[in-house]
There are 2 protein chains.
Amino acid sequence: MNSVATSGAPDMQELFPYADGPRLASAAPDTGSIQLSWQNGDTTQLPWLWLRDHCACAECRHPQTRERLYIPLAPIADAPEMNVIDGHLRLTWADGHRSVFHGGWLHQRRPEVALPNVLPEASAWRDHFTPERIEHAAFLTEKGEQAWLTAILRDGLALLTDGPLVEEEVSRLAEKIGPQRATNFGARFDVRSKPNPNNAAYTAVGLALHIDLPNWHHPPDIQLLYCLQNGASGGESLFADGVRVVEALRAQDPSALRTLSETPIDFRFQDETHDIAVRAPLIDLNADGSLRELRFNNWIRDTLHLPVEQMNAWYHAYRTLWALFHSDEHQLEFTLEPGQMVAFDNRRVLHGRRAFDPNSGPRHLQGTYLDRDMLESRLRVLARQLH
Amino acid sequence: MNSVATSGAPDMQELFPYADGPRLASAAPDTGSIQLSWQNGDTTQLPWLWLRDHCACAECRHPQTRERLYIPLAPIADAPEMNVIDGHLRLTWADGHRSVFHGGWLHQRRPEVALPNVLPEASAWRDHFTPERIEHAAFLTEKGEQAWLTAILRDGLALLTDGPLVEEEVSRLAEKIGPQRATNFGARFDVRSKPNPNNAAYTAVGLALHIDLPNWHHPPDIQLLYCLQNGASGGESLFADGVRVVEALRAQDPSALRTLSETPIDFRFQDETHDIAVRAPLIDLNADGSLRELRFNNWIRDTLHLPVEQMNAWYHAYRTLWALFHSDEHQLEFTLEPGQMVAFDNRRVLHGRRAFDPNSGPRHLQGTYLDRDMLESRLRVLARQLH
């Protein structure tokens with residue numbers, strides 16, 4: 001038999017605050033479950049097995065790792081003894097095991113209401129969308145970092161300004177959030193031009209809108225591009241919001257949206273040491289029709305391998321989406337200044353750039369990728385602290 | 001107007017071999033398309049726009065990066081002039097642009113047949129499944145690496161043997177394939193016990209079967225565990241094949257499979273600096289009912305947040321799946337010896353270990369993760385070379 005403190009608020013091994021909320025007033029037996037009522041009139045019902053499974057004692061939930069140790073391998077046949085003391089639920093199970101639940105923790109977890117969630121919903125860009133701007137110094141504060149993370153998850157893009165002109169600053173900022181995501185191009189990459197370029201990688205041509213690495217099963221989630229030099233004329237950055245443009249496509253040509261979202265095609269990059277390929281639709285929608293992710297990148301479209309009677313319809317749909325993305329209405333254009341970093345959701349927001357004159361001055365960006373999980377995690381941790 | 005070589009086999013900027021196959025015999029006009037016939041009797045039809053889109057000349061496909069430069073933004077209104085010369089298709093478009101297609105390359109890409117694919121299908125374990133064993137020295141050859149990659153993609157698990165007892169060998173082997181995938185636990189991790197452990201991380205308890213990090217949107221694809229020391233008694237490694245066990249669940253209790261695959265639940269890890277969470281079903285199935293991925297990890301199941309009337313059914317289904325995974329019939333058990341490395345598909349094959357006696361000797365594994373894309377890519381590159 002475990003021992004539980006008999007006074008004081010129970011510790012649910014849960015770092016997100018749960019002590020707010022109304023006081024638990026009473027518990028009453030029901031068939032295989034317990035009815036709970038709070039002083040504000042809220043009620044709920046929780047099965048015995050659910051309660052047993054969520055016991056937070058040191059035997060059932062690891063006191064250091066907070067991970068679940070209890071494994072719900074048998075139904076619970078007998079009603080526990082129950083008491084509500086000081087607004088918390090105390091149960092004694094038939095085998096003598098005791099569980100204590102904080103009334104506020106249970107209130108947060110009523111099946112009838114959504115769990116606490118601090119992540120913003122994705123919000124489509126509107127006309128004259130202006131990215132959230134966060135100064136580098138502000139980003140280093142909890143409030144500023146929270147604003148930056150919120151903007152990226154909500155708008156798919158945020159601008160950091162007034163940063164230092166030092167190499168690798170992009171990696172330092174990234175690693176405040178999480179480990180850099182490495183790809184076949186390394187963990188941190190340079191986008192650089194030089195006067196009189198002597199290498200194809202340093203070309204200065206315009207880049208049509210695209211996402212990076214749609215030929216991977218899981219393309220990079222978040223891209224950071226930090227500007228160190230931008231003395232060339234031209235080279236404006238271009239962005240377009242996939243959430244908005246997919247809605248525009250749905251309104252203008254729903255059959256094109258169906259074609260692009262239901263037809264898997266091939267994406268592929270090949271060189272002497274790699275052949276990275278995936279077959280997936282260009283637009284992936286959630287069950288509710290909202291955008292899950294885009295795979296838009298003309299350079300690494302591989303052979304279009306479809307029944308011949310579907311090919312012209314696919315090209316028509318592709319052209320239609322291309323025109324929507326590249327229309328003035330949907331393109332955000334600005335010049336990234338030295339000391340600025342743009343961060344964007346690589347699977348939602350397309351990026352590109354205008355051509356520039358490489359003989360007019362140096363242009364040097366450093367970039368890296370982050371996993372979305374790490375941004376969401378930071379936002380949850382900050383919400384805990386700023387609660 | 002571009003210039004194309006008028007003799008010799010055309011270069012399609014394609015590294016996978018395509019010159020084999022029957023000789024292209026003839027081309028004939030059709031409505032908006034061209035009919036092709038090969039000498040072995042195979043035929044196909046390809047639309048003008050498809051052909052224009054796949055032109056491999058230096059203007060249309062980058063000669064260094066092999067990426068597509070042509071953007072199919074307009075329908076093709078006029079029939080090209082066509083010739084078959086030396087078994088290859090030569091087209092001259094109305095605007096004067098010329099395209100040349102290798103007859104073997106076109107034959108590989110007939111819409112009626114599957115594209116070349118060197119990746120094995122996933123194959124469920126059978127009774128007395130024995131993992132493919134590849135010696136460390138063999139792995140360093142192309143044939144051995146190919147066998148290792150094929151086994152992991154087919155069986156979800158492979159064993160490397162007779163490796164050196166040196167720290168970081170797991171990272172060296174991993175980076176032959178691709179960059180290590182970093183998580184909140186770092187890029188390379190230690191699973192270590194010491195006699196008289198003084199830290200909870202060095203416990204010696206048995207670990208029930210699980211996948212790592214199902215609380216991430218995209219859990220690590222492939223896990224490598226390299227054994228440096230295993231002098232403790234106990235500590236046998238345990239594995240079970242998700243493909244096989246999901247089929248067993250479908251046969252035994254299809255309603256439990258439906259419950260687990262259609263009910264998103266929450267997974268979550270929280271500590272002082274992280275709160276990494278995702279809501280997803282425990283079993284994710286492809287449209288054809290086959291397994292896409294598992295999220296099976298009792299430690300980081302978060303609050304079960306479901307309508308109360310679904311809870312007992314979910315627990316019943318979970319118990320049923322748990323029992324199938326942990327049955328003798330489905331568990332592969334062996335002792336990982338020093339110098340051996342087990343690699344497995346973390347989203348398909350569950351892993352665990354028996355308890356061991358930490359006072360009986362040292363046990364030290366080093367582990368890391370790889371992206372599946374990198375294994376598939378290596379296998380395609382090796383197939384090119386071993387063709």
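Letters go in sequence order (proteins before strands), and every chain restarts at 1. A quick note: this is a predicted structure, and the numbers were derived from the prediction, not measured.
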Novice: Whether the R347(B) and H218(B) side chains hold a donor-acceptor pair (N or O, under 3.5 Å, no angle test) is what I'd like checked.
Specialist: yes
Novice: Out of R66(A), R109(A), R372(A), Q13(A), return the one with the most heavy atom pairs under 4.5 angstrom to chain B.
Specialist: R109(A)
Novice: Looking at chain A, which one of Q45(B), E272(B), H217(B) has the largest number of heavy-atom pairs inside 4.5 Å, strictly under?
Specialist: H217(B)
Novice: V308(B), N298(B), I276(B), V381(B): which one forms the most heavy-atom pairs within less than 4.5 Å of chain A?
Specialist: N298(B)
Novice: Check A56(A) against D11(A) and note the closest heavy-atom contact, atom names and distance.
Specialist: CB-O, 4.0 Å
Novice: What's the shortest heavy-atom distance between L306(A) and W314(A), and which atoms?
Specialist: CD1-CB, 3.9 Å
Novice: Identify which of D221(A), D302(A), L379(A) forms the greatest number of heavy-atom pairs closer than 4.5 Å to chain B.
Specialist: D302(A)
Novice: I'd like to know which of E112(B), Q385(B), E14(B) tops the heavy-atom pair count under 4.5 Å against chain A.
Specialist: E14(B)
Novice: Relative to chain A, which of M374(B), E67(B), Q270(B), R181(B) shows the most heavy atom pairs under 4.5 Å?
Specialist: Q270(B)
Novice: So which residue, N184(A), L69(A), T273(A), ends up with the most heavy-atom pairs under 4.5 Å with chain B?
Specialist: T273(A)
Novice: If you look at every heavy atom in T303(A) and H54(B), which pair is closest and at what distance?
Specialist: CA-NE2, 3.2 Å
Novice: Is W322(B) in contact with chain A via its backbone, its side chain, both, or neither, using a 4.5 Å heavy-atom distance?
Specialist: side chain
Novice: Quick one: are P214(A) and F296(A) in side-chain contact, heavy atoms under 4.5 Å?
Specialist: no
Novice: Using a cut-off of under 4.5 Å on heavy-atom pairs, state which of G178(B), P47(B), P307(B) scores highest against chain A.
Specialist: P47(B)
Novice: Under a 4.5 Å heavy-atom cut-off, does chain B meet the side chain of N297(A), its backbone, both or neither?
Specialist: neither
Novice: With side chains defined as the heavy atoms from C-beta onward, is the minimum distance between L149(A) and I177(A) less than 4.5 Å?
Specialist: yes
Novice: What about H102(A) and Y18(A), are their ring centers closer than 6.0 Å?
Specialist: yes
Novice: Name the option with the most non-hydrogen atom pairs under 4.5 Å to chain B; the candidates are A187(A), A208(A), A74(A), A323(A).
Specialist: A74(A)
Novice: Can Y315(A) and D53(B) be counted as having a side-chain donor-acceptor contact under 3.5 angstrom?
Specialist: yes
Novice: For the interface with chain A, which of S33(B), G186(B), P72(B) has the highest count of heavy-atom pairs at distances below 4.5 Å?
Specialist: P72(B)
Novice: Tell me, for V113(B) versus chain A, whether the close heavy atoms (under 4.5 Å) come from the side chain, the backbone, both or neither.
Specialist: backbone
Novice: Does the side chain of R268(A) come under 3.5 Å of the side chain of N215(A) through a donor N or O and an acceptor N or O?
Specialist: no
Novice: Report the option among I300(A), L304(A), N312(A) that has the most heavy-atom pairs separated by less than 4.5 Å from atoms of chain B.
Specialist: L304(A)
Novice: Given that the side chain runs from C-beta out, which part of R110(A) has a heavy atom under 4.5 Å from chain B: side chain, backbone, both or neither?
Specialist: backbone
Novice: Which one, Q180(A), E376(A), R384(A), leads in non-hydrogen pairs under 4.5 Å with chain B?
Specialist: R384(A)
Novice: Side chains of R188(B) and T368(B): donor-acceptor distance under 3.5 Å anywhere?
Specialist: no
Novice: In terms of side-chain geometry, is the basic nitrogen of E293(B) or R295(B) positioned less than 4.0 Å from the acidic oxygen of its partner?
Specialist: yes
Novice: Examine whether an atom of F16(B) lies under 4.5 Å from a heavy atom of chain A, and if so say whether it belongs to the side chain, the backbone or both; otherwise answer neither.
Specialist: both
Novice: By a 4.5 Å heavy-atom criterion (distance strictly below it), what part of T183(B) contacts chain A: side chain, backbone, both, or neither?
Specialist: backbone
Novice: Taking side chain as everything from C-beta outward and backbone as N, CA, C, O, which of these in L73(A) sits under 4.5 Å from a heavy atom of chain B? Side chain, backbone, both or neither.
Specialist: both
Novice: For Y369(A) and F185(A), what are the C-alpha separation, side-chain angles and deciding distance, and is it a ring pair (Phe, Tyr, Trp, His ring centres under 6.0 Å)?
Specialist: CA-CA 11 Å; Y369(A) 302 117; F185(A) 296 109; 8.9 Å; no
